[in-house]
Structure formats: structure tokens, C-alpha cells
Amino acid sequence: MKILMVCLGNICRSPLAEGIMQHLADEQGLNWQADSAGTGNWHVGKGPHQGSVQVARKHGIDITQQVCRQFKAGDFDAFDLILAMDESNLNNILRLARTAQDRQKVKLLLNDKEVPDPYFDHTQFEPVFELIEEGCKDIIRQYSR
Ligand code: 4NP
């Protein structure tokens with residue numbers, strides 16, 4: 001199973017989501033690959049935000065090797081599941097969908113809520129970590145049977 005985590009900048013939320021999902025999947029012995037991308041291109045080529053690096057490290061996950069990239073239509077072919085952090089990301093992804101099959105691969109990470117953006121409020125990195133972890137555990141429960 002190949003999962004792509006998507007947010008706006010690919011420096012705060014989706015790098016965390018990639019790191020957490022890969023960590024949990026590896027821990028459970030699942031042959032899953034997680035990746036991440038942003039719908040925007042401002043930070044392409046950069047590493048994750050220090051707030052994300054630090055909160056991940058605190059929980060035993062190293063995300064420092066990740067490099068920011070922009071979401072592209074080819075990702076619909078490369079991934080089985082594309083998980084957006086918020087409604088705006090979801091709509092930006094769906095705008096690039098070419099077929100019904102593309103659209104079916106896309107959903108919010110959390111069923112009933114958005115992952116808030118910690119970029120403008122650095123107190124949010126820890127709660128965001130916990131929300132994403134909860135979402136990843138749900139996805140594993142749903143798709144690992
Ligand atoms: P992210 O946070 O989407 O969680 O990576 C953001 C990072 C950068 C910007 C916006 C959101 N920005 O506007 O540069």
C-alpha cells in the first residue's frame with residue numbers, strides 16, 4: 001500500500017503525517033510506503049519545519065531526511081491512497097484529478113475534522129502530532145485487514 005500525505009506547504013503537517021504513518025506501519029510489519037507533498041510550491045527542496053522536526057523527534061521519529069515537493073497529477077498513478085490534511089488541500093488535489101478513479105483515492109486523513117495548520121501558531125505542533133497519529137492509527141485499522 002502506497003499512501004501520500006498532502007498539506008499546503010509540505011513542511012509542517014504532511015511531513016509529520018508521512019513520518020508517523022511510516023513509523024506505525026513499520027512497527028506493525030506492514031509493507032506500506034508513506035510519502036508526502038504540498039499543493040503549494042513555496043518550500044520545494046527544503047526540509048521540514050523545525051517545529052515538526054522537534055515534535056517528531058520527541059516521539060522517537062526522525063523526519064529530517066524529508067525534502068519538500070509539490071503534489072502532481074502523476075501522484076494519482078503512483079499512490080493507492082491520497083490523504084489531505086484539510087478541506088482546502090482536498091479541493092486543491094481534486095482539481096487535478098483526471099478520472100473518477102483518481103477522485104476515489106482522495107480523502108481527508110481525519111473522518112470528521114481537519115488537521116489545523118501549525119505554521120502560524122507554533123503551540124499547535126504537539127496537538128497536531130497527536131491528531132495525525134490518531135488519524136494514521138484509524139487508517140491502519142481500516143486498510144490493514
Ligand atoms: P503545512 O503548513 O501546509 O502544514 O506545511 C504551511 C507551511 C507553509 C505555508 C503555509 C502552510 N506557507 O504559506 O508558506
Side-chain angles (χ1 to χ4, degrees), residues 1-28 30 32-98 101-144:
M1 172 95 135
K2 292 190 166 66
I3 300 186
L4 184 65
M5 301 295 195
V6 181
C7 63
L8 177 58
N10 191 214
I11 56 168
C12 295
R13 293 167 292 176
S14 60
L16 271 180
E18 174 187 337
I20 293 168
M21 182 59 92
Q22 193 65 61
H23 178 81
L24 292 173
D26 290 349
E27 229 174 35
Q28 302 210 12
L30 297 168
W32 287 17
Q33 279 100 48
D35 190 7
S36 65
T39 57
N41 65 359
W42 311 284
H43 304 282
V44 167
K46 290 199 220 155
H49 192 286
Q50 275 309 307
S52 292
V53 168
Q54 282 164 18
V55 76
R57 184 182 296 134
K58 183 181 150 207
H59 291 268
I61 301 173
D62 180 9
I63 62 167
T64 57
Q65 300 310 308
Q66 293 185 31
V67 180
C68 175
R69 73 171 180 88
Q70 189 172 25
F71 180 82
K72 55 185 189 293
D75 288 322
F76 290 112
D77 304 319
F79 292 91
D80 305 303
L81 190 58
I82 298 171
L83 298 174
M85 298 300 117
D86 66 31
E87 294 280 358
S88 163
N89 311 146
L90 185 82
N91 291 330
N92 288 333
I93 297 164
L94 288 175
R95 219 172 283 135
L96 294 177
R98 305 148 303 181
Q101 196 191 355
D102 286 356
R103 281 188 286 279
Q104 278 166 11
K105 294 184 174 185
V106 189
K107 52 182 269 179
L108 285 175
L109 171 64
L110 304 173
N111 282 328
D112 52 348
K113 53 184 185 264
E114 301 187 315
V115 180
D117 194 340
Y119 188 62
F120 298 105
D121 178 1
H122 293 181
T123 66
Q124 291 304 299
F125 281 101
E126 178 63 38
V128 158
F129 182 98
E130 287 165 20
L131 265 182
I132 291 173
E133 185 179 42
E134 186 185 305
C136 289
K137 285 180 177 170
D138 271 347
I139 294 290
I140 289 177
R141 273 192 286 272
Q142 277 177 56
Y143 289 89
S144 66

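Counting convention: from 1, in listed order, for ligands and their atoms alike. The chain is numbered in sequence order, starting from 1.
Among protein heavy atoms, the minimum distance from atom 3 (O) of ligand 1 is reached at Gly9 N, 2.8 Å. Atom 8 (C) of ligand 1 has its closest protein heavy atom at His43 NE2, 3.4 Å. In this structure, atom 4 (O) of ligand 1 lies nearest to the protein heavy atom Arg13 NE, 2.8 Å. Nearest non-hydrogen protein atom to atom 1 (P) of ligand 1 is Cys7 SG, 3.4 Å.
Side chains of Gln22 and Asp26: a donor on one and an acceptor on the other come within 3.5 Å. Defined by atom type and a distance below 3.5 Å, a donor-acceptor pair is missing between the side-chain atoms of His59 and Glu130. For Asn10 and Ser36, the side-chain atoms include at least one donor-acceptor pair closer than 3.5 Å. Asn89 and Asn92 share no side-chain donor-acceptor pair at under 3.5 Å.
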Inset, instruction - Could you walk me through whether Glu27 and Ile140 pass the side chain to side chain contact (heavy atoms under 4.5 Å, CB included) test, one step at a time? - result: CA-CA 11 Å; Glu27 229 174 35; Ile140 289 177; over 6 Å; no
Inset, instruction - Check step by step if side chain to side chain contact (heavy atoms under 4.5 Å, CB included) holds for Ile132 and Val115. - result: CA-CA 7 Å; Ile132 291 173; Val115 180; 4.0 Å; yes
Inset, instruction - Take Asp117 and Arg13 through the side chain to side chain contact (heavy atoms under 4.5 Å, CB included) test and state the conclusion after the steps. - result: CA-CA 7 Å; Asp117 194 340; Arg13 293 167 292 176; 3.5 Å; yes
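Checked by distance only, ligand 1 and Ile11 come closer than 3.5 Å through their nitrogen or oxygen atoms. Taking any N or O of Cys12, backbone or side chain, at least one lies under 3.5 Å from an N or O belonging to ligand 1.
In Asp117, the part holding a heavy atom less than 4.0 Å from any atom of ligand 1 is the side chain. For Asn10, every heavy-atom contact with ligand 1 shorter than 4.0 Å involves the backbone, none the side chain.
For ligand 1 and Leu8, the ligand atoms under 4.0 Å from any heavy atom of the residue are 3 (O), 10 (C), 11 (C).
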